[in-house]
Trainee: 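One structure coming up, written as structure tokens, with questions to follow.
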Amino acid sequence: MIVKTMDALLVKKCFLAGAAAIQAKKEYINDLNVFPVPDGDTGTNMTMTIMSAANEVLAIEDPDMETICRAISSGSLRGARGNSGVILSQLLRGFTKVIRNEKEINVKILVHSFQKAVDSAYKAVMKPKEGTILTVAKGGAEHASKIAKNCDDIVEFARQVIEQMRVVLSRTPDMLPVLKEAGVVDSGGEGLVTILEGVYDALTGKEIHYEAGGGAPVIKNTSNSANVDGISTGDIKFGYCTEFIILLEKEFTSWDEKSLKGYLESIGDSIVCVADEELVKIHVHTNDPGLAIQKGLTYGELSRMKIDNMREEHNERLIQSASTAGTAPEVTPKAGEKKEDETPWKKVGFISVSVGEGLGNIFRELGADYVIEGGQTMNPSTEDILDAVSQVRAETIYIFPNNSNIVLAANQARDLTEDKHIVVIPTKNIPQGITAMINYIDGNTAEENEAAMTEAVQQIKSGQVTYAVRDTSIDGKEIKQGDIMGLSDKTIEVVGSNVKETTLQLIEELKDEDTELVTLYYGEESTEEEAQEIAAAVCEKYNEIEVETEYGGQPIYYYFISVE
């Protein structure tokens with residue numbers, strides 16, 4: 001089968017085939033992850049990222065290259081989860097920038113688009129590491145450029161490029177010793193090649209079955225919002241929650257954004273209007289959804305429209321709540337509560353990613369306006385972070401990702417936000433996030449606070465105690481599934497079979513002669529009694545060290561540890 005050009009319909013088919021391919025192979029890719037911790041694995045993050053785009057692509061009935069590229073780029077950028085997902089979204093963004101203005105694409109255009117994809121991905125990563133998905137993508141782009149002069153058949157061109165990417169992927173263990181020790185190739189590179197192999201199947205005429213969805217979870221807002229069970233339907237001023245995405249057909253200027261927000265405020269409240277160069281996401285509570293929809297149509301086509309009757313849903317929730325509790329719920333608003341549209345703007349706001357009731361309360365007590373529930377096992381997407389940004393009415397917003405696999409998504413949300421000043425403090429774990437918030441100084445400039453918080457984070461040592469989810473070998477340590485592991489910021493320090501003993505050994509590894517304070521945040525699988533026993537043991541051995549215990553309530557991780 002020979003294919004010289006691809007039109008929008010074929011691009012759509014190939015993209016959906018690529019998404020279906022990685023969805024089918026997701027768990028295999030997850031198993032390639034070297035670190036045996038229960039976290040947001042590569043296969044899951046890349047699948048959820050591409051599914052966010054695939055669902056938008058699937059909804060386009062009469063595609064042209066422009067609308068397909070918008071859906072791929074915007075859907076993946078906003079749905080990006082984890083570092084691998086963000087890198088994949090940047091590869092797709094760069095690729096679509098080249099082809100979006102073409103009616104048909106050929107090998108020559110594909111070569112250019114591959115190089116643009118790689119350039120975009122490398123720019124997104126502050127310190128690119130070879131032996132990863134970036135290396136595999138670059139190897140494919142370089143080989144594409146090499147063979148293009150003698151190959152105008154896209155099918156054969158794709159076959160050779162994918163074959164070379166498999167060769168590069170096989171060499172990743174030679175570039176990263178940790179891969180070699182574990183006996184695996186890079187999981188992100190495997191994910192990328194898997195997507196392209198799905199594309200190749202579609203090019204050769206193989207029928208691909210794609211289902212919308214992808215199992216994206218809901219990221220909960222655990223901020224200090226009002227309890228809706230305590231509000232009557234009479235207090236709901238605007239009854240319809242209306243959401244849609246505008247696929248822009250013309251330039252959307254800052255004046256357009258201000259004008260649209262002003263119009264939405266005239267017909268409702270709880271306004272969310274987040275824009276980039278390709279689309280605008282709208283959320284509004286109104287009594288006439290048609291007015292919002294008609295206004296949106298003046299800027300472009302509409303996608304993913306959703307209208308919910310909040311009064312009806314509220315009544316159903318009240319009935320369910322009453323039947324569960326056996327008593328009628330209180331319907332009077334709590335004293336002092338403010339509706340969202342009455343919340344005044346302020347100079348500074350804070351958003352933190354966290355999980356666990358205790359940790360959420362700690363961040364709120366420190367001043368967090370919005371706590372995104374997520375972290376190790378479920379990395380929030382760029383869009384989850386953008387939604388949080390839209391809810392915080394502040395001129396400058398500090399974001400604390402508290403996980404190394406969420407920092408890139410936070411940076412991407414920052415780059416997509418135009419109406420607020422976003423500062424991402426690259427905190428890689430919960431203790432770092434708490435330390436950063438403690439070191440914020442009211443009255444200092446954003447630049448001064450960013451420098452102070454970043455420096456404070458570098459002064460503490462952090463640890464985590466959890467269990468192994470797979471067999472592996474790292475730094476000479478043989479780890480079996482179910483082992484208890486003590487992790488530092490850099491590596492797995494201790495492996496044992498007992499939580500208490502492993503935690504004590506990890507503290508021993510983390511402390512030094514200058515250590516004055518150790519803080520234990522115990523999770524839902526640990527007890528206050530055990531935490532106190534660990535604290536007592538440390539204090540008995542080291543008189544100069546003070547130990548504090550705090551309830552974190554986090555799942556999966558028995559303890560988070562801060563050493564100062």
Side-chain angles (χ1 to χ4, degrees), residues 34-39 178 352-356 358-359 362-363 375-377 400-407 426-438 456-469 472 474-477 479 483-528 530-542 544-564:
V34 174
F35 252 52
V37 297
D39 61 5
V178 68
S352 176
V353 179
S354 182
V355 64
L359 291 173
I362 289 171
F363 279 110
Q376 288 298 116
T377 55
F400 306 93
N402 300 334
N403 187 298
S404 59
N405 213 28
I406 303 174
V407 174
T427 51
K428 296 180 179 179
N429 51 55
I430 292 294
Q432 287 186 359
I434 292 172
T435 298
M437 289 199 69
I438 289 172
V457 162
Q458 294 170 352
Q459 300 304 312
I460 71 162
K461 296 179 181 178
S462 306
Q464 305 166 14
V465 180
T466 187
Y467 58 88
V469 295
T472 191
I474 296 179
D475 293 339
K477 296 181 177 70
I479 300 169
D483 282 350
I484 306 301
M485 303 181 299
L487 294 78
S488 67
D489 297 337
K490 298 177 181 178
T491 188
I492 299 172
E493 300 285 353
V494 183
V495 180
S497 57
N498 178 277
V499 173
K500 180 180 175 181
E501 291 304 318
T502 302
T503 305
L504 285 168
Q505 290 177 41
L506 177 59
I507 293 172
E508 188 73 26
E509 292 293 331
L510 293 175
K511 75 163 196 65
D512 58 30
E513 59 184 16
D514 297 321
T515 298
E516 297 177 350
L517 174 65
V518 173
T519 306
L520 295 173
Y521 302 94
Y522 60 94
E524 65 179 11
E525 297 296 323
S526 302
T527 64
E528 182 179 5
E530 183 185 67
Q532 293 290 355
E533 289 174 358
I534 293 170
V538 174
C539 290
E540 183 179 351
K541 189 172 183 179
Y542 303 102
E544 71 280 7
I545 296 179
E546 180 183 352
V547 183
E548 296 181 354
T549 62
E550 298 280 354
Y551 172 62
Q554 69 273 9
I556 309 297
Y557 285 74
Y558 303 108
Y559 292 97
F560 290 138
I561 304 171
S562 173
V563 177
E564 304 174 55

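All values below come from the heavy atoms of this structure, side chains included, with hydrogens, waters and symmetry mates left out.
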Trainee: For the residue pair N429 and D489, confirm or rule out a side-chain donor-acceptor distance under 3.5 Å.
Mentor: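 Result is yes, a qualifying pair exists.
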Trainee: Determine whether M437 and F400 make a side-chain contact, defined as any pair of heavy atoms from C-beta on separated by less than 4.5 Å.
Mentor: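 The answer is yes; the side chains approach within 4.5 Å.
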Trainee: Output the distance between atom CG (L517) and atom OG (S562), rounded to the nearest 0.5 Å.
Mentor: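 One gets 6.5 Å once the value is rounded to the nearest 0.5 Å.
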Trainee: Is I545 close to E516 at the side-chain level, that is, under 4.5 Å between some pair of heavy atoms?
Mentor: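 When only atoms from C-beta onward are counted, I545 and E516 do not touch, as no gap falls below 4.5 Å.
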Trainee: Any idea which heavy atoms bring I479 and A468 closest together, and the distance?
Mentor: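 Closest pair (atom of I479, atom of A468, distance): CG2-CB, 3.6 Å.
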Trainee: Quick check: are there more than 12 heavy atoms from other residues, nucleotides or ligands sitting under 6.0 Å from CD of E544?
Mentor: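 More than 12 within 6.0 Å, yes.
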Trainee: To the nearest 0.5 Å, how far apart are CD in E528 and CD in E530?
Mentor: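 CD of E530 is found 12.0 Å from CD of E528.
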Trainee: Is there a side chain to side chain contact (heavy atoms under 4.5 Å, CB included) between V494 and E508? Walk through the geometry before answering.
Mentor: CA-CA 10 Å; V494 183; E508 188 73 26; over 6 Å; no
Trainee: For residues S462 and Q432, report the shortest heavy-atom separation together with the two atoms involved.
Mentor: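 It is OG-CG, 3.8 Å.
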Trainee: Would you indicate whether the side-chain heavy atoms of I430 and F363 approach each other to under 4.5 Å?
Mentor: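 Yes, close enough: below the 4.5 Å cut-off.
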Trainee: List, one per line, each side-chain donor-acceptor pair under 3.5 Å for residues 495-507, sequence neighbours excluded.
Mentor:
residue : atom : partner : partner atom : Å
N498    : OD1  : K500    : N            : 3.0
N498    : OD1  : E501    : N            : 2.8
K500    : NZ   : E533    : OE1          : 3.2
T502    : OG1  : N498    : O            : 2.7
T503    : OG1  : V499    : O            : 2.7

Trainee: Are the side chains of K461 and I561 in contact, using a 4.5 Å heavy-atom criterion?
Mentor: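 No; the side chains remain at least 4.5 Å from each other.
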Trainee: Is it the case that the side chain of T427 and the backbone of N402 share a donor-acceptor pair, with hydrogens and angles ignored and the cut-off at 3.5 Å?
Mentor: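 Indeed, once roles are kept as given, a pair shorter than 3.5 Å links the two residues.
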Trainee: Taking C-beta and beyond as the side chain, do T515 and Y542 meet within less than 4.5 Å on heavy atoms?
Mentor: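 A side-chain contact under 4.5 Å is absent here.
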Trainee: Which heavy-atom pair separates V547 from A535 by the least distance, and what is that distance?
Mentor: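 Minimum heavy-atom separation between V547 and A535: CG1-CB, 3.4 Å.
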Trainee: Are any side-chain N or O atoms of K477 and backbone N or O atoms of I492, one a donor and one an acceptor, separated by less than 3.5 Å?
Mentor: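 A pair under 3.5 Å: yes.
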Trainee: Roughly how far, to the nearest 0.5 Å, is the CD atom of Q458 from the OG1 atom of T435?
Mentor: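 Going from the OG1 atom of T435 to the CD atom of Q458 covers 12.0 Å.
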Trainee: Ignoring hydrogens, what is the shortest heavy-atom contact between I406 and P401? Give both atom names and the distance.
Mentor: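 Answer, listing the atom of I406 first, then P401: CD1-O, 3.8 Å.
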Trainee: Go through the side-chain N and O atoms of T549 and Q532 and say whether any donor and acceptor fall under 3.5 Å apart.
Mentor: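 Per modelled atom types, T549 and Q532 side chains form a pair under 3.5 Å.
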Trainee: Any pair with a residue in residues 490-524 that passes ring-ring contact (aromatic ring centres under 6.0 Å, His included), sequence neighbours left out, goes on the list, sorted by first then second residue, please.
Mentor: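 Checked against ring-ring contact (aromatic ring centres under 6.0 Å, His included) - neighbours excluded - the pairs reaching residues 490-524 are Y522-Y551.
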Trainee: Taking the side chain as C-beta and beyond, is there a heavy-atom pair between T519 and P431 under 4.5 Å?
Mentor: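 Contact flag for T519/P431 side chains = no.
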Trainee: Could you tell me the separation between the CD atom of E564 and the CD atom of E546, rounded to the nearest 0.5 Å?
Mentor: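 Answer for the CD-CD pair, E564 versus E546, is 10.5 Å.
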Trainee: Y559: which residues meet the ring-ring contact (aromatic ring centres under 6.0 Å, His included) condition with it, sequence neighbours left out?
Mentor: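 With sequence neighbours excluded, Y559 shows a ring-ring contact (aromatic ring centres under 6.0 Å, His included) to no residue whatsoever.
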Trainee: How long is the gap from OG1 on T472 to CG on D483, to the nearest 0.5 Å?
Mentor: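 T472 atom OG1 to D483 atom CG measures 11.5 Å (nearest 0.5 Å).
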Trainee: Out of curiosity, T527 OG1 to Y558 OH, how far, rounded to the nearest 0.5 Å?
Mentor: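 So the gap between those two atoms works out to 12.5 Å.
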